[in-house]
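By convention here, the first residue in the shown sequence is residue 1. Read the numbers this way: they start at 1 and go in the same order the structure lists the ligands and their atoms. Bear in mind that the values here come from a model prediction, so they are computed numbers and not experimental data.
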Amino acid sequence: MRTQFIIYFLLLIAVTSCKEPVELPPKEEPFELKAPVYFGEFNNRIPEDNPPTEKGFQLGRMLFYETKLSGDNSMSCGSCHQQQKAFADGLAVSKGIDGVAGQVSAMSLVNMLWSEKFTWNGRMPSLETQSLEPITNPIEMHESLENAIIKLEEDGYSDLFQDVFGSPEITEEKIGKALSQFQRALISADSKYDQKLRGEYQPTQQELRGEKLFFTHPIPGQLRGGNCGDCHLGPLTSGAIDGLQGFHNNGLDNDENMDEGLMAVTGDPKDRGRFKTPSLRNIALTAPYMHDGRFQTLEEVLEHYDQGIHQSNTLDILIIEGSNENQAAGERPQLFLSEQEKEDIIAFLHMLTDENFINNPQFSNPFENENN
Ligand code: HEC
Ligand code: HEC
């Protein structure tokens with residue numbers, strides 16, 4: 001009798017607690033983010049209040065390509081972040097809906113799970129906040145969030161928000177969350193270099209030399225190196241993840257004409273000219289280069305690091321101390337690479353192109369088929 005009563009009681013609790021629908025993001029259909037172990041742990045970098053789900057990813061993908069988010073319905077995130085260009089736009093500096101050019105180059109969107117600060121000067125503390133900024137930015141999509149939300153409601157998006165978040169209201173927080181879910185899934189890990197790391201591709205001698213030079217810190221007379229891996233770390237080839245450690249001054253300008261960089265965020269003069277070290281994945285597809293798009297080719301980039309460094313008070317110690325020859329203190333830092341060595345490094349950079357990433361149908365514009 002007693003056990004029967006307990007069972008009955010438990011059933012009663014179960015039934016009554018089922019009645020009240022609780023507002024929680026749906027737990028079903030989780031979206032599995034897959035990445036090679038050599039990228040490092042990432043689950044701890046997904047915000048607890050925005051776990052990836054299949055429906056969240058799909059909503060984020062629609063919003064990413066949704067032109068209604070812009071003032072004149074002409075531009076989406078995908079206008080400046082184009083999949084075929086590894087989510088950059090091929091311009092030195094981006095132009096928004098009003099044709100006004102910004103100060104900086106659109107960043108390639110890739111492997112952002114391994115990044116804590118966003119934009120060139122690091123002013124955005126999370127992907128969720130960064131994802132809303134371009135919508136309201138007057139020189140980008142130039143739309144108010146209130147208007148954007150009204151347009152999404154008129155377009156029938158409320159049902160999709162209901163499916164993903166358990167309630168139909170469209171809010172900026174939810175837009176930011178969905179866009180982030182899509183962007184966190186933009187993982188590029190199938191380049192020739194990854195295939196090499198998995199033992200599926202046998203690199204050429206030149207590619208092997210380039211890889212070695214890229215990751216070697218030179219010791220004059222003993223070890224030749226290109227010193228790139230000092231800042232573009234490991235297989236991700238991006239800056240250190242934690243805090244602001246991945247921000248460096250790589251010698252683009254001298255003190256007189258230097259952009260503020262990280263100093264605009266911290267106010268610290270020691271941060272002048274320090275910028276986010278970008279990932280070099282798919283770099284062959286994202287010319288022109290640097291935050292202001294000043295270099296047209298990878299050859300020009302190599303010339304810069306080899307013999308074009310500008311000295312300044314904040315020039316990075318890793319550049320000052322990275323040379324293949326003994327340089328006198330105060331002398332302008334140079335790498336002293338041979339032509340062959342520069343070509344080798346460029347061959348390695350080409351290994352980082354991931355055709356499957358730029359052609360992955362999951363990341364493409366879902367509205368494009370409608371127009372065709
Ligand atoms: C007009 C062109 C343009 C549009 C439209 C645009 N972006 Fe960007 N995006 C940029 C530029 C330029 C930067 C670099 C900004 C900076 O450093 O100040 C950038 C940077 C970013 C970054 C930072 C990446 C990193 O590694 O730090 C993210 C994320 C991003 N954009 C997402 C988006 C999303 C989401 C949208 C749509 C809501 C969007 N962008 C719309 C041009 C654009
Ligand atoms: C001291 C750290 C440091 C070293 C060493 C370094 N880089 Fe960079 N790299 C950066 C930073 C920071 C940026 C972004 C600078 C900017 O745009 O203001 C950058 C930008 C780049 C870019 C342009 C990326 C883009 O999206 O526009 C390329 C290409 C590049 N580096 C390649 C290399 C190569 C090749 C080497 C070795 C020869 C190297 N880097 C050495 C820190 C470094």
Original post:
Below 4.0 Å from any atom of ligand 2, is there a heavy atom belonging to Asp230?
Top reply: no

Original post:
With atom 8 (Fe) of ligand 2 at the center, what angle do OH from Tyr305 and NE2 from His232 span, rounded to 10 degrees?
Top reply: 180°

**OP:** Please identify which atoms of ligand 2 are closer than 4.0 Å to at least one heavy atom of Gly226.
**Re:** 37 (C), 38 (C)

Original post:
Is a donor on one side and an acceptor on the other found under 3.5 Å between the side chain of Glu300 and the backbone of Gln296?
Top reply: yes

Subject >> Intermediate values then yes/no, side-chain contact (heavy atoms from CB on, under 4.5 Å), Ser94 and Glu140 >> reply: CA-CA 8 Å; Ser94 296; Glu140 294 189 7; 5.9 Å; no

Original post:
Relative to the ring of His304, is the ring of Phe295 parallel (under 30°), tilted (30 to 60°) or perpendicular (over 60°)?
Top reply: tilted

Original post:
Should you measure from each heavy atom of Asp316, which atoms of ligand 2 turn up under 4.0 Å away?
Top reply: 1 (C)

**OP:** With heavy atoms under 4.0 Å as the rule, classify the contact between Leu280 and ligand 2 as side chain, backbone, both or neither.
**Re:** side chain

Original post:
Short list, please: which atoms of ligand 2 are under 4.0 Å from a heavy atom of Ile319?
Top reply: 1 (C)

Original post:
How far apart are the closest heavy atoms of Lys85 and Gly90, and which atoms are they?
Top reply: CD-N, 3.8 Å

Original post:
For ligand 2, which atoms sit closer than 4.0 Å to a heavy atom of Leu252?
Top reply: 16 (C), 18 (O)

Original post:
Which residue pairs pass the salt bridge (charged side-chain N to carboxylate O under 4.0 Å, His left out) test with at least one member in residues 282-299, sequence neighbours excluded?
Top reply: Asp253-Arg294, Asp292-Arg294

**OP:** Return the orientation label for the Phe182 and Phe57 ring planes: parallel under 30°, perpendicular over 60°, tilted otherwise.
**Re:** tilted

**OP:** Find all atoms of ligand 2 within a distance of less than 4.0 Å from any non-hydrogen atom belonging to Tyr289, and give their numbers and elements.
**Re:** 23 (C), 27 (O)

**OP:** Identify, by atom number and element, the atoms of ligand 2 in contact range of Asn227, meaning under 4.0 Å from any of its heavy atoms.
**Re:** 5 (C)

**OP:** May I ask you to check if ligand 2 and Ile345 share an N or O to N or O distance below 3.5 Å?
**Re:** no

Subject >> Lys151 atom NZ: more than 12 heavy-atom contacts under 6.0 Å >> reply: yes

Subject >> Nearest atoms (heavy-atom pairs only) where Gln84 meets Asn359 >> reply: NE2-OD1, 3.0 Å

**OP:** Give the contacting part of Asp292 toward ligand 2: side chain, backbone, both or neither, where contact means a heavy-atom distance below 4.0 Å.
**Re:** neither

Original post:
Just heavy atoms, cut-off under 4.0 Å: does Ile283 contact ligand 2 by side chain, backbone, both, or neither?
Top reply: side chain

Original post:
Going by the order shown, which atoms of ligand 2 are within less than 4.0 Å of some heavy atom of Cys231?
Top reply: 1 (C), 2 (C), 3 (C), 4 (C), 5 (C), 42 (C), 43 (C)

Original post:
Under the criterion side-chain contact (heavy atoms from CB on, under 4.5 Å), which of Ile187, Thr286, Asp194 is the partner of Arg281?
Top reply: Asp194

**OP:** Over all heavy atoms of both residues, which pair between Pro51 and Ile46 is shortest? Give the atoms and the distance, please.
**Re:** CA-CG2, 4.4 Å

**OP:** Answer yes when Glu116 and Lys276 have at least one side-chain N-carboxylate O distance shorter than 4.0 Å, and no when they do not.
**Re:** no

Original post:
Between His291 and Phe275, how do the two ring planes meet: parallel, tilted or perpendicular, split at 30° and 60°?
Top reply: parallel

Could you pull out the N/O contacts under 3.5 angstrom between ligand 1 and the surrounding protein atoms?
residue	atom	partner	partner atom	Å
ligand 1	7 (N)	His81	NE2	2.9
ligand 1	9 (N)	His81	NE2	3.0
ligand 1	17 (O)	Trp120	N	2.9
ligand 1	18 (O)	Arg123	NH1	3.0
ligand 1	18 (O)	Arg123	NH2	3.1
ligand 1	26 (O)	Lys276	NZ	3.0
ligand 1	27 (O)	Thr119	N	2.8
ligand 1	27 (O)	Lys276	NZ	2.9
ligand 1	31 (N)	His81	NE2	3.0
ligand 1	31 (N)	Gln130	NE2	3.2
ligand 1	40 (N)	His81	NE2	2.9

